[in-house]
Peer 1: 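Got a structure for you, written out below as structure tokens; questions coming shortly.
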Amino acid sequence: MKTSIKTFIIVFAMAMLPACSVQKRADRHIRRAVELCPDLVQMKAHPIDTFLSVPGYTDIARVPIDKVFEDDAIFVGTEHGMITLSMDKTDSTLTVAFSAAPSEIRYRDTVNYSQVVLAKEQKQAKEWSFKNWLATLVCGLCIGAAFILWLLREKQENK
């Protein structure tokens, strides 16, 4: 009975181990570090300077009326787009169309955010190489095997 409880606890712990979120732990550590040393956090500002494209909406063009009577359609370019004039000779209707060209506006803003800054003399964590991963895996397997052998020996001694 004792070994089954121990085994259950070990299996439960091994099953719950991957449930720990690395991101949550890291956030908790950073919050704790900032609480202990507020000088680590610096306010930064990131300026935004961009152009946005919006359609133009008004314009004017002057065209002599005799040109409208002579041609099928007249295209007049302006700084905000293209005006098209056409006359339907069958019923004498004048059609005026305006196609707006996109214009650009400039958008400027500043985004403020806080950033954790480490001192230069503090060492950064080393990245794990394949050798480190392999050594950790072998060490973990050896410890696990030793623990299982210990449990088996305890079980045999209790019989």
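Throughout, numbering of the chain's residues begins at 1 and tracks the sequence.
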Peer 1: With sequence neighbours left out, what residues match Arg32 under salt bridge (Lys or Arg N to Asp or Glu O under 4.0 Å)?
Peer 2: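 Once residues adjacent in sequence are excluded, the partners of Arg32 under the salt bridge (Lys or Arg N to Asp or Glu O under 4.0 Å) criterion are Glu35.
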Peer 1: For Cys37, which residues count as a side chain to side chain contact (heavy atoms under 4.5 Å, CB included) partner, sequence neighbours excluded?
Peer 2: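 Cys37: side chain to side chain contact (heavy atoms under 4.5 Å, CB included) contacts with Asp39, Leu40.
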Peer 1: Taking side chain to side chain contact (heavy atoms under 4.5 Å, CB included) as the test, write out the residues that go with Trp150, two or more places apart.
Peer 2: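 Per chain and number, Trp150 pairs via side chain to side chain contact (heavy atoms under 4.5 Å, CB included) with Lys6, Phe147, Glu154.
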Peer 1: Could I get the full list of side chain to side chain contact (heavy atoms under 4.5 Å, CB included) partners for Ile148, not counting sequence neighbours?
Peer 2: Leu152
Peer 1: Applying side chain to side chain contact (heavy atoms under 4.5 Å, CB included), can you list everything that pairs with Thr136, at least two apart in sequence or on another chain?
Peer 2: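 Counting only residues at least two positions away or on another chain, Thr136 forms a side chain to side chain contact (heavy atoms under 4.5 Å, CB included) with Trp128.
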Peer 1: Does Arg108 have any side chain to side chain donor-acceptor pair (under 3.5 Å) partners at least two apart in sequence or in another chain, and if so, which?
Peer 2: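 Testing Arg108 for side chain to side chain donor-acceptor pair (under 3.5 Å), a comparison that skips the adjacent residues, returns none.
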Peer 1: Test question: given the 4.5 Å side-chain rule for I, L, V, M, F, W and Y, name all other residues clustered with Leu137, or answer none.
Peer 2: Leu141
